[in-house]
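Here's the structure, in structure tokens; my notes come after.
Lettering of chains follows the sequences in order, A, B, ..., and the numbering in each one begins at 1. Since this is a predicted model, take the numbers as computed values, not measurements.
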2 protein chains.
Amino acid sequence: MLTDRQLLILKAIVDNYVTNAEPVGSRSISKRDDVTFSPATIRNEMSDLEELGFLEKPHSSAGRIPSQKGYRYYVDHLISPSKLTKNEVSDIQSILANRFDEIEQVIQESAKVLSSLTSYTSIVIGPEVFESRLRQLQLIPISETQAVVIIVTDTGHVENQTVHFPGKLDGSELEKVVNILNEKLRGIPMVQLQEKLSLEISNVLKKYITQYESMIDMLQDVFQRHQHEKVFYGGKTNILSQPEFHDVERVRNILDIFEEDKLVSKLFRSAENGLTIKIGEENHFEPFSDCTIITATYSLDGKHMGTVGILGPTRMEYPRVISIMDYLSKDMTKLLTAWNHRKSE
Amino acid sequence: MLTDRQLLILKAIVDNYVTNAEPVGSRSISKRDDVTFSPATIRNEMSDLEELGFLEKPHSSAGRIPSQKGYRYYVDHLISPSKLTKNEVSDIQSILANRFDEIEQVIQESAKVLSSLTSYTSIVIGPEVFESRLRQLQLIPISETQAVVIIVTDTGHVENQTVHFPGKLDGSELEKVVNILNEKLRGIPMVQLQEKLSLEISNVLKKYITQYESMIDMLQDVFQRHQHEKVFYGGKTNILSQPEFHDVERVRNILDIFEEDKLVSKLFRSAENGLTIKIGEENHFEPFSDCTIITATYSLDGKHMGTVGILGPTRMEYPRVISIMDYLSKDMTKLLTAWNHRKSE
DNA sequence: GTTAGCACTCTGTGTCTGCGAGTGCTAAAT
DNA sequence: ATTTAGCACTCGCAGACACAGAGTGCTAAC
């Protein structure tokens, strides 16, 4: 168990390192008002803290920097959420002020605000498809062998895809198909569409249309494709202003990851509800071994809808970011609930 | 007028600098097989070329590098398109091999191939809306006051947008509106929709529906929004591997530009048909003052459809890139023509 | 007109130096 | 038994310096 003095010193070192990005020496700590003991004492304590694994030395005669374990302890025991400033609160609430038609607009806007407030990179994962349901399906013929499938979900999200058939399309058949599908599938969660289709719908369709098999194949393919979530970014390049990312090779590795939405959504999607903090190696992903990811979930009527995330260096302003994320995710939840009610009025 | 020898030397310097990214000295040129004269002679010629503005010196005792004017002369007079290698040709043709339903897939794929072949960043601007026409318009109610507008163009592109109305929606009215709009607007170029709507349609609509004004406003808004083109990127971070972009601040400036599709499409959209090369300041855009942009247009049945572009340092492999762009843009034109015929079969 | 020769210039690199910030240890002070 | 002052020691870093290498520009010879 750490003594009070050790806790004070550990906290002082993390705080100091987070703001200055430079190894912290015993003397600079002794200058603080809440520190009454001498540099020598601090050195002894620091030495102990290093032995316990909370601190590291970049080289033998430099100050100390927090280790991953140090940050973890700091986050778990040493910080209390900082109070948001007026500006921060009003920036977040400005998202609310804009009129919006689709959830996506809220999400894109949230990502922007989050990145500009924190000056890290923000990643917001959109309403997860497996939590949304089919509201409407449309098949619009655009040529004799092609049609556009349009899927509208109950979150107001619309996906479209062009498909083509081996044979000619029959307008009245298409209409029948659309009617059957809408009747049977409306309100079904997006993830269950494929199963539902093969178990219940295929038999019915068989009776009505000639191109039965290619139609089923096509629908399965469409449902399959639109399983993934959408990823929104804010301040993609913010991370470049952090001194730890002044190496172009490193930067490139990270930016390349942002181009792969699937990977990003895997890394940032949070399993648990609420706030999650993953520091360095805890991400189990080599390029992020000196990054921290903080995620928070937002929901609608208690249903998990998506994740807001922040990517920054392990040397992150934890208290502030945590407070902002907490506030924002709750605000988004509120916003969505209001939207949902307005929508169903 | 430059002498043959000056031309040979200028070409040698550009070629050499493009591959090695280091100032070129007189001795290294004299080693070339096609150079029969001594370093001293070359020095004299270089001195003249510098006076004429084709070359620059980074400092007094370094070799020479091409000036912007030097590159321009090189591009205009000294190069002949390089023959593509088998790999390059087959890479480009692999785009053709994939089955595709929407033009966007071709474009995205082209951007990828282009960036991987050149190792610069590629920007492809999608079918320009003002060249495409409305094929179909749909209004799908999703709640009592909201609907999704879906626009399908003759290029197979689909846009959607959620809209809401102050009052309740009447299903049969909506149907009428959709019918009228489709009848009157089908085949109209996307850019003319707004004009057409206010001049010809609004009177007709007036007769049929109650929420006349908000409907018109809504449609105008929708048509307005979908004027912009889509921008596709390939190898966004490729530019980081160029030695001239090893400064993080610089990199950030450029990457930030990529986040603004409107700006990018303004910078890369080519007015003229065919191949355009803009070197350095010729871009009239400070962050690109040491970049070259090469664009080529692709078309469908003679109609200008969009632009493929490459962004790299002024120190660019011009002959190779030009050949690739030329081949690719022609290939895309062919591909689109084939697609268009298949589509209308 | 061309080229060899040479002085000169500038950069990059390696070495040395001293400085400053920091540690760790020991011995004295509390 | 803590705490602290004192001091030797360790690095890293910036500046000074010399030196090699690459390159130029000029002059004089070919």
- Task: Measure the distance from CD1 on B:Ile42 to P on C:dT3 and round it to the nearest whole Å.
- Result: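 Taking atom P of C:dT3 as the reference, CD1 of B:Ile42 is at 9 Å.
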For residues 67-76 of chain B, tabulate all N or O donor-acceptor pairs below 3.5 Å that involve a side-chain atom, not counting sequence neighbours.
unit_1: B:Ser67; atom_1: OG; unit_2: B:Gly53; atom_2: O; d: 2.6
unit_1: B:Ser67; atom_1: OG; unit_2: B:Phe54; atom_2: O; d: 3.1
unit_1: B:Ser67; atom_1: OG; unit_2: B:Lys69; atom_2: N; d: 3.3
unit_1: B:Ser67; atom_1: OG; unit_2: B:Gly70; atom_2: N; d: 3.0
unit_1: B:Gln68; atom_1: OE1; unit_2: B:Glu281; atom_2: N; d: 3.2
unit_1: B:Gln68; atom_1: NE2; unit_2: B:Ile279; atom_2: O; d: 3.3
unit_1: B:Lys69; atom_1: NZ; unit_2: B:Leu52; atom_2: O; d: 2.8
unit_1: B:Arg72; atom_1: NE; unit_2: B:Glu282; atom_2: OE2; d: 3.1
unit_1: B:Arg72; atom_1: NH1; unit_2: B:Asp76; atom_2: OD1; d: 3.1
unit_1: B:Arg72; atom_1: NH2; unit_2: B:Ile277; atom_2: O; d: 2.7
unit_1: B:Arg72; atom_1: NH2; unit_2: B:Glu282; atom_2: OE1; d: 2.6
unit_1: B:Tyr74; atom_1: OH; unit_2: B:Asp15; atom_2: OD1; d: 2.6

State which residues pass salt bridge (Lys or Arg N to Asp or Glu O under 4.0 Å) with [X]; sequence neighbours excluded, sorted by chain then number.
X        : answer
A:Asp256 : A:Arg252
A:Asp48  : none
A:Arg315 : A:Glu244

- Kindly state which residues belonging to residues 4-17 of chain B come within less than 4.0 angstrom of DNA chain D, counting heavy atoms of the residue only, listed by number.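 Under 4.0 Å from DNA chain D: no residue of residues 4-17 of chain B.
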- Query: How would nucleotides 9-28 of chain C be written as a contact map, 5' to 3', with B for base contact, S for sugar-phosphate-only contact and - for no contact, using protein heavy atoms under 4.0 Å?
  - Reply: BBS---------BSBB----
- Are any of A:Thr41's side-chain N or O atoms less than 4.0 Å away from OP1 or OP2 of D:dT3?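 For D:dT3, neither OP1 nor OP2 has a side-chain N or O of A:Thr41 closer than 4.0 Å.
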- Pair listing, salt bridge (charged side-chain N to carboxylate O under 4.0 Å, His left out) test, anchored in residues 56-68 of chain A, at least two apart: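 Residue pairs passing salt bridge (charged side-chain N to carboxylate O under 4.0 Å, His left out), neighbours aside: A:Glu50-A:Arg64.
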Below 3.5 Å, can you tabulate the donor-acceptor pairs from side chains in residues 260-268 of chain B to any protein atom, sequence neighbours excluded?
unit_1: B:Asp261; atom_1: OD1; unit_2: B:Tyr233; atom_2: OH; d: 3.0
unit_1: B:Ser265; atom_1: OG; unit_2: B:Glu229; atom_2: OE1; d: 3.0

For residues 21-30 of chain A, run the donor-acceptor check on the side chains, cut-off 3.5 Å, and write out each pair with its distance to 0.1 Å, sequence neighbours left out.
unit_1: A:Ser26; atom_1: OG; unit_2: A:Arg43; atom_2: NH1; d: 3.3
unit_1: A:Ser28; atom_1: OG; unit_2: A:Gly25; atom_2: O; d: 3.0
unit_1: A:Ser30; atom_1: OG; unit_2: A:Arg27; atom_2: O; d: 2.7

- Message: Once rounded to the nearest 0.5 Å, what's the spacing between atom CG of B:Leu55 and atom CG of B:Leu49?
- Response: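 Answer for the CG-CG pair, B:Leu55 versus B:Leu49, is 5.0 Å.
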